Structures are given as structure tokens and as C-alpha cells.
Amino acid sequence: MYLHLEHRLAQRVLECLQRRYPGAVLPNVVIEQPPKVELGDFAIPIFPFAKPLRSAPLKIAEAIRGEIGEIEGIAEMQVAPPGYLNVRIDRGWMASALAADAKPPAEIPHGKILVEHSSINPNKAAHIGHLRNAILGDTFVRLLRYAERTVDVQNYIDNTGVQVADVVVGFTHIEKKSRAEIETLARQPRFDYYCWDLYARVSQWYEADKQNRQVRLQTLHAIEDASTETAAIADLISVAVLRRHLETMDRLDIEYDFLPRESEILHLHFWDAAFVKLKESGVLTFETDGKNKGCWVMRRAGTAKITEDTDGTEEDRITEEDQKVIVRSNGTVGYVGKDIAYHMWKFGLLGRDFGYRKFYHYPNGHDCWISTANGEKDHPHFGDVAEIYNVIDARQSEAQNTVIEALRGLGHAEAADHYTHFSYEMVALTPRCAAELGYNLSDEDKTRSYIEVSGRKGFGVKADDLLDQLIVSAKKEVDSRHPQLTDSERQEIATQIAIGALRFFMLKYTKQSVIAFDFKEALSFEGETGPYAQYAVVRATSIFRKAGVDPDTFCKDAAGRVSAADQSNYLNGESGNEFWELWLASSKTSYVIDKCIATTEPAHLAKHVFQLAQLFNTFYHRHPILSEPDDKRKRFLLATVAVVRRELIRCLAVMGIAVPPVM
RNA sequence: GGGCGCGUAGCUCAAACGGAUAGAGCAUCGGAUUUCUAAUCCGAGGGUUGCAGGUUCGAUUCCUGCCGCGCCUACCA
């Protein structure tokens with residue numbers, strides 16, 4: 001509602017100015033939020049208009065106020081020095097619309113969006129870094145779906161790289177296991193944990209004797225030929241670990257629609273198709289001398305020299321430093337090349353497609369598909385989208401930009417413009433946390449604020465372990481608070497709290513901030529945490545339960561229970577401000593979600609949820625509701641609780657957080 | 001060397017597009033009518049927003065230079 005009103009206001013202000021100053025070149029109308037409710041609900045800085053309109057800000061503000069006329073939902077405007085136009089919402093009007101859950105018509109851009117996230121190498125268990133990726137990605141998907149966009153969720157699987165090869169080496173050369181033995185192991189509940197340890201051992205094995213690395217190379221090549229026994233083992237391992245990843249993510253309510261695999265990009269020759277186009281368009285150039293002699297290279301992203309002089313049109317040579325090798329001198333293609341081909345497929349520009357088969361069936365009935373060389377006849381249509389978001393950590397930004405530049409060079413500027421690298425910083429460990437995990441710290445490490453995790457060393461916190469710990473910790477709390485419930489009920493509640501804590505934790509930091517992971521903070525259920533917000537909802541629910549009223553029907557029928565006059569009476573005036581703050585915050589769901597999408601920053605939503613829960617808790621403490629003697633006032637307070645509760649549940653759902661019945 | 005990012009309270013972090021008195025949580029200290037469950041609430045202390053300039057009505061935000069930190073920068077994937 002708030003968002004809708006803001007758009008309407010901006011539009012009317014613009015029209016008003018155009019009417020009064022015809023022909024003037026106007027800057028954008030920026031609408032902000034005043035620092036305090038007393039000042040109003042929207043603030044329009046008029047300073048930017050002073051120069052182009054050759055008039056004092058206060059004068060312009062006064063003119064707008066006088067001439068803009070009635071706007072539905074707006075109560076009044078005030079000119080505030082040194083140059084703001086402060087706008088007050090018609091509180092009664094907003095409250096009615098909000099209680100009725102009115103959905104103003106909104107323009108929804110058409111075209112499918114592809115969000116790709118997780119992309120965990122299928123050779124070991126998922127760790128906390130992967131959790132951040134998946135939670136950010138999944139939340140972004142939920143944000144887009146809340147905004148009624150159509151979204152496909154993909155999880156790219158690199159099943160042919162060195163990482164899988166390393167684990168294969170571990171099984172075949174260190175443990176000397178047969179395919180049958182590996183198959184048996186792969187059926188064990190936490191096969192990914194087994195691989196986690198083995199992977200670390202393989203790294204040590206390579207360190208111990210350089211000759212062992214030869215084995216890695218041989219294995220890597222064997223994997224690429226699908227007919228070999230090694231390839232079969234690699235496939236069985238990567239598929240088993242992949243299943244484990246899907247199970248882990250499903251615990252957090254994270255699902256995928258499609259799993260494209262590198263093996264198919266290879267076997268279906270995506271690269272060949274892309275290579276032809278890249279050569280034709282001149283994106284790739286062949287080096288005839290220098291260190292990259294015999295390679296096909298392209299300009300590294302971000303190094304482009306701007307050749308402004310018109311006479312220097314001769315193909316500006318890329319200096320060796322700025323060259324990114326795409327095809328090696330032996331004719332094989334590197335991963336950036338494969339990535340370019342893959343992204344051409346995403347935008348429907350490649351002219352080839354995967355085969356598809358059903359791979360994973362979620363308990364809720366949803367199917368997840370996987371790429372294959374020869375697929376099933378009937379399958380959903382993936383790829384060919386209008387917009388893509390790749391959730392990949394910041395370390396990959398150069399590679400991502402190179403892919404974007406390749407698309408641009410191929411003449412697909414529009415695709416390049418709709419390619420977003422959803423970049424985020426890594427999750428590291430605090431020195432204390434590393435020490436707790438039994439890692440020997442150097443003196444230098446001890447002084448650092450964080451230490452990077454390393455899958456290769458087996459150094460990190462596994463996703464399932466963290467979740468298990470959170471559940472145990474929450475369960476202890478629930479056990480002591482609700483001994484009357486059955487154990488399975490308590491387990492269910494503890495799980496919801498654990499997921500709430502984890503997802504909130506990963507979302508409250510802005511993307512570019514490195515999370516220095518610490519058990520104490522991650523396991524906290526107090527303060528700015530998921531359980532804090534869940535608890536606010538539980539309290540709201542509990543009021544209605546005791547009152548014997550259903551909150552949702554009460555809300556929908558609020559007009560019949562609280563008269564418009566009462567509504568407006570309680571919300572206005574000085575005493576109304578504290579109630580109005582709650583209603584106003586509740587009206588901002590779409591506004592905040594819109595902002596999260598525009599800035600690709602889900603942290604804003606976590607912040608908003610916390611603020612709303614905080615406002616509610618203060619309100620809860622100050623105003624006893626069930627014992628309120630004035631019936632009209634009681635109904636108004638109940639309506640307030642109902643609306644806040646509904647919006648909190650809604651926002652938490654977008655964050656992938658469910659609310660338990662009691663806590 | 002080049003590219004990207006960061007530096008805000010004791011600690012961990014907010015502050016979209018430059019805006020009104022820079023906000024939270026944690027930690028510390030002091031409190032909350034035995035009530036709709038205290039996983040809560042109220043209060044206190046705590047800041048030269050790394051340093052120095054510049055741009056303008058206004059800078060944590062933009063520009064330049066320094067200082068410090070991180071990541072990227074392979075014919076690995």
C-alpha cells in the first residue's frame with residue numbers, strides 16, 4: 001500500500017511541476033522517509049528543483065502544496081525548512097485498506113527470470129559458505145515470486161572438474177575400493193561426510209608425493225570420456241553427493257527446478273556451437289605469438305581501453321596482461337568458454353538444448369529435473385529467459401564480467417544488460433571458532449578478524465552439522481518451556497526455530513560484508529535474530545487464541561468491528577502516533593520487497609522484519625489487550641495485532657522462515 | 001603492478017538514489033505493576049564515520065591523494 005501511494009504521489013508532484021513550469025527540465029522526484037513520524041510519512045526534498053526552476057526551495061514547495069489538489073490517501077502536506085515538502089498519509093484511509101489487505105494493481109514486467117544458486121561441487125558435504133549462497137538465492141527467488149514474477153531456479157553442477165576427480169582418486173587409489181564397494185558406501189546416510197574427509201586426505205596425499213598428481217591428471221581425462229569405468233565411478237559419486245546436497249537444502253525449504261550439469265555441456269557440444277559464433281563476431285582472437293601463442297583469447301573484463309580517437313580504429317591489440325585464454329593451444333576449452341556457451345543457452349541464443357529427465361521428487365510433490373544426453377519426451381521448458389541472476393561469490397566477479405562482455409561482443413547487448421552477477425562475500429570463521437574446531441592457528445592468524453574456510457583442507461563447518469546443533473540447542477529450550485507437548489511436536493518446533501535462526505543469520509548481513517562465523521552468534525536466539533521475530537508472531541497468535549478469535553477473519557472483517565471513525569480516532573493525534581508507527585511499518589511490505597529486488601539485497605527485508613517485530617514487542621508490552629475494558633479500543637488494538645501479525649508472517653515467509661504455533 | 005571491495009560505538013553490523021539530531025544487536029551497568037509466556041520490555045554510558053583535501057545549500061555516501069585490510073589477477077575447474 002505504501003509503495004502504491006508513493007508512486008501516486010511522485011506522479012502527481014511531477015504533473016504539478018510540469019503544469020506550473022512548462023518546458024522546464026526537471027530532475028527526478030525523489031521521495032524519502034522523514035526521520036520521525038511527527039514530520040510526516042513521505043518527505044520530498046525540493047533542493048534539486050531550485051536551480052532548474054530558478055526559485056527558492058521553500059517557494060516551490062509552497063507552490064506544489066497549494067496547487068497539487070486532492071490525492072486519495074494523502075491527508076495533508078507541510079512545507080518544512082530548509083526545503084522539504086512533508087506529506088502525511090490519511091491514517092484512517094490507510095488502515096482500512098491495510099486491514100482489508102487491499103492489493104492495488106501493479107505493473108508486472110513480463111518475461112521469465114532464471115535464478116541460479118548453490119552450485120556446490122558434488123564431491124563433499126555442503127558447508128556454511130554454501131548455506132549463505134543458497135539462502136541468499138532462495139530468498140531472492142521468493143522475493144521475485146512475491147512480486148509475481150515467473151522464476152526458474154537452477155543449480156549448476158560441475159561434475160567433471162578436478163574436485164570430483166580428486167575424490168575419485170581417493171576411492172580408487174588411496175582406499176583402493178571397487179565400484180561395487182563405492183556404490184554400497186554411497187547409499188550410506190551421510191555419504192557426503194565420508195567424501196569430505198576423503199577429499200582432505202587426497203590433498204595431503206598429493207602433497208606427500210608430487211608424482212601422485214599424475215594420477216589426478218589421468219583421472220580427470222578419464223572422467224571426460226563417458227565410456228570409461230572411471231567416468232562411471234565419478235558419476236555415481238557426484239550423483240550421490242548431489243542427492244545429499246538436495247536433501248540438506250530441502251531441510252531449509254530450498255528447492256530447485258533444474259540441475260544443468262557440465263557433463264552435458266560437454267557431451268552435447270555446447271561449446272562447438274558457441275565457438276563458431278565467437279569467432280565470427282570477433283570476440284575471440286587467435287594469438288600468433290607471445291606467451292599465449294596458439295590460444296584463442298578475449299579481452300579480460302574491466303580492462304577495455306576506451307579508444308576515443310576515431311583514427312585508431314585498427315583492431316586495438318590486447319596486451320598479454322589483458323588476455324584471457326578461452327581456448328588453449330592444445331585445442332581444449334577452459335571453463336570460461338563453457339560458461340559463455342552455457343549462458344548463451346540461458347538466453348536462448350545457442351540453438352541447442354539439454355535433454356531432461358526427472359531427478360528428485362520433493363515430499364511436497366514438486367519435481368526437480370536434471371540434464372542428460374537423451375532425455376524424456378515430456379519435460380518443462382527451461383532456459384530461453386529474459387533475465388538472469390547468478391548467485392556466485394565475489395571472487396568470481398571477473399569471470400562473470402568476462403561472460404557478460406562476451407555476450408555483448410556477440411551483439412546481444414540486451415541479454416548482457418539483463419545478466420546480473422548477484423555477488424556476495426564469503427563466510428569465514430573467527431579465530432575463536434577455528435580454534436574450537438581444533439585447527440592450529442599461527443600467530444598471524446590469531447590477529448586476523450577472520451580465517452577463510454577450505455574444503456581442500458577439510459576445514460569448515462558442515463551445513464548439516466550446524467543445522468543439527470541449532471536444532472539441539474532450540475530443542476533444549478522448547479523442552480523446558482513446553483513439557484506438556486509430545487516429543488515430536490517439540491522437535492518440529494525446535495526445527496522451525498533452528499531454520500529461522502539460520503536463515504535470518506545469513507540474511508541480516510549485507511552481501512558485501514564478509515561474515516565472520518562464530519557459533520555463539522549463530523546459535524543466539526535473542527536480539528536481532530529469527531527467533532525474535534518468530535516470537536513476536538507467536539505472541540500475537542496467542543492473544544487471538546486466548547480471545548477465541550481467528551486473527552485472519554478478524555482482520556478481513558475489521559471494517560465491521562472497528563468503525564472508520566474509531567479507526568481514525570485512535571490513529572490520529574499525539575497518542576495515535578505509536579499505533580500509527582505500527583500500521584505504517586505494516587504497510588511497507590511491498591515497498592521493502594521492491595527495494596530488495598531493485599538493489600538485489602535481501603538484508604533490507606531482514607532489517608524490516610526486525611524493526612516491525614521490535615515495534616510490536618514494545619506495543620505488546622505497553623498495551624494489555626485482553627484486559628482492555630473499553631470494547632471499541634480493544635477491537636482496535638486487536639485489529640492492530642492482526643495486521644502486524646499478517647505482515648510479519650508474510651515477510652518471514654519470503655525469507656523462508658515459518659512460524660511455530662508456540663515457542 | 002593492475003582490477004574489485006572494505007575501513008562507522010569495546011565487539012558484530014545498519015544507514016538504496018548525497019538530506020533533517022549517524023541507528024541496532026551483543027557485551028557492561030541499573031531497572032520492569034507475579035500480565036496476552038521474560039526467547040520480552042525500559043533506561044544509562046559508549047562516535048572527530050581510517051587520515052588529508054575537494055565538489056555544494058548539505059557528505060558516512062560523490063571525486064582526488066595517502067594509510068590499513070581482504071579478494072581476484074594460471075594455457076586449474
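Quick note on labels: first sequence line is chain A, next is B, and so on, each numbered from 1. Predicted, not measured: the structure shown is a model, and the values here were computed from it.
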Q | Sugar-phosphate, base or nothing in reach of His421(A), heavy atoms under 4.0 Å | A | nothing
Q. Which of these nucleotides, U21(B), U37(B), C26(B), is closest to any side-chain atom of Lys520(A)?
A. C26(B)
(Q) For residues 523-547 of chain A, which residue pairs pass the salt bridge (Lys or Arg N to Asp or Glu O under 4.0 Å) check, not counting sequence neighbours? (A) Glu528(A)-Lys607(A)
**Q.** Of Gln611(A) and Glu6(A), the one whose closest RNA chain B nucleotide lies more 5'
**A.** Glu6(A)
(Q) Less than 6.0 angstrom separating the ring centers of Tyr419(A) and Tyr389(A), yes or no? (A) no
**Q.** Within the 6.0 Å centroid threshold, strictly below: Phe517(A) and Tyr450(A)
**A.** no
Q | For atom CG of Asp322(A) and atom P of G3(B), their distance in whole Å | A | 10 Å
Q. Phosphate oxygens OP1/OP2 of C4(B): is one of them under 4.0 Å from a side-chain N or O of Ser423(A)?
A. no
Q. Looking only at atom types and distance, does a side-chain atom of Arg503(A) sit under 3.5 Å from a main-chain N or O of Met655(A), one as donor and one as acceptor?
A. yes
Q. Tell me, for nucleotides 72-77 of chain B in 5' to 3' order, what letter each nucleotide earns: B for a base near a protein heavy atom under 4.0 Å, S for only sugar-phosphate near one, - for neither?
A. SSSBSB
Q | Asp41(A) with Arg88(A): basic N within carboxylate O range, under 4.0 Å | A | no
Q. Counting a pair only when it is Watson-Crick or G-U and both distances are under 3.5 Å, which runs of at least 3 such pairs involve RNA chain B?
A. B:1-7 with B:67-73, B:10-13 with B:23-26, B:28-32 with B:40-44, B:50-54 with B:62-66
Q) What does Tyr591(A) touch in the nucleic acid at a heavy-atom separation under 4.0 angstrom: a base, only the sugar-phosphate, or nothing? A) base
Please produce a list of atom pairs where a protein N or O lies less than 3.5 Å from an N or O of nucleotides 10-13 of chain B.
from, atom 1, to, atom 2, distance (Å)
C13(B), OP1, Val514(A), O, 3.0

Q. In whole Å, what is the span from the CD atom of Glu526(A) to the P atom of U28(B)?
A. 12 Å
Q. Hey, do the aromatic rings of Phe140(A) and Phe422(A) have their centres closer than 6.0 Å?
A. yes
**Q.** Phe47(A)/Tyr84(A) aromatic ring centres below 6.0 Å
**A.** yes
Q | Nearest-angstrom distance from the residue atom CG of Asn401(A) to C1' of C71(B) | A | 14 Å
Q) Could you run down nucleotides 29-34 of chain B 5' to 3' and tag each one B, S or - for protein heavy-atom contact under 4.0 Å? A) ------
Q: Compare every heavy atom of Leu85(A) with every heavy atom of Val79(A), then report the nearest pair and how far apart it is.
A: CG2-CD1, 4.0 Å
Q: Assign His608(A) to base, sugar-phosphate, or nothing according to its heavy-atom contacts below 4.0 angstrom with the strands shown.
A: nothing
Q) Taking atom C1' in both C67(B) and C26(B), what distance in whole Å separates the two? A) 30 Å
(Q) Taking atom types as they are modelled, would you say the side chain of His482(A) forms a donor-acceptor pair with the base of U37(B) within the 3.5 Å cutoff? (A) yes
**Q.** Sugar-phosphate, base or nothing in reach of Tyr450(A), heavy atoms under 4.0 Å
**A.** sugar-phosphate
Q) Hey, what's the ring geometry for Tyr509(A) with Phe505(A), parallel, tilted or perpendicular (30° and 60° as the breaks)? A) perpendicular
Q. Of Tyr156(A), Trp271(A), Phe270(A), which meets ring pair (Phe, Tyr, Trp, His ring centres under 6.0 Å) against Tyr342(A)?
A. Tyr156(A)
Q.
Using a 4.0 Å heavy-atom cut-off, does Asn86(A) contact any base of the nucleic acid, only the sugar-phosphate backbone, or nothing at all?
A. base
Q: Respond yes when some side-chain nitrogen or oxygen of Arg481(A) is under 4.0 Å from OP1 or OP2 of A39(B), and no when none is.
A: yes
Q.
Applying a 4.0 Å non-hydrogen cut-off, can you work out what Ala547(A) is touching in the nucleic acid: base, sugar-phosphate, or nothing?
A. nothing
Q: Look at all strands and tell whether Phe525(A) reaches a base, only sugar-phosphate, or nothing, counting heavy atoms closer than 4.0 Å.
A: base
Q) Between Trp296(A) and Phe275(A), what is the ring plane arrangement, given parallel below 30°, perpendicular above 60°, and tilted in between? A) perpendicular
Q) Which is true for Arg545(A) with a 4.0 Å heavy-atom rule: it touches a base, it touches only sugar-phosphate, or it touches nothing? A) nothing
Q | Closest-nucleotide ordering on RNA chain B, the 5'-leading residue of Tyr620(A) and Glu601(A) | A | Glu601(A)
Q | Over 12 foreign heavy atoms within 6.0 Å of CG, Asn330(A) | A | yes
Q.
Whole angstroms only, please: what is the CZ-C1' distance between Phe610(A) and G23(B)?
A. 11 Å
Q: Please list, chain by chain and in numerical order, all residues satisfying salt bridge (Lys or Arg N to Asp or Glu O under 4.0 Å) with Glu32(A), sequence neighbours excluded.
A: none
Q) Hey, does Gln614(A) reach any base, or is it just sugar-phosphate, or nothing, if we go heavy atoms under 4.0 Å? A) sugar-phosphate
Q. In whole Å, what is the span from the CD1 atom of Ile392(A) to the P atom of G5(B)?
A. 18 Å
(Q) Quick check: closest heavy atoms across Leu507(A) and Ala606(A), and the distance to 0.1 Å? (A) O-CB, 3.8 Å
Q. What do you reckon, are the aromatic ring centroids of His623(A) and Phe579(A) less than 6.0 Å apart?
A. yes
**Q.** Whole-Å C1' distance, U8(B) and U61(B)
**A.** 12 Å
Q.
Counting the atoms with a prime plus P, OP1 and OP2 as sugar-phosphate, which does Val478(A) contact under 4.0 Å by heavy atoms, base, sugar-phosphate, or nothing?
A. base
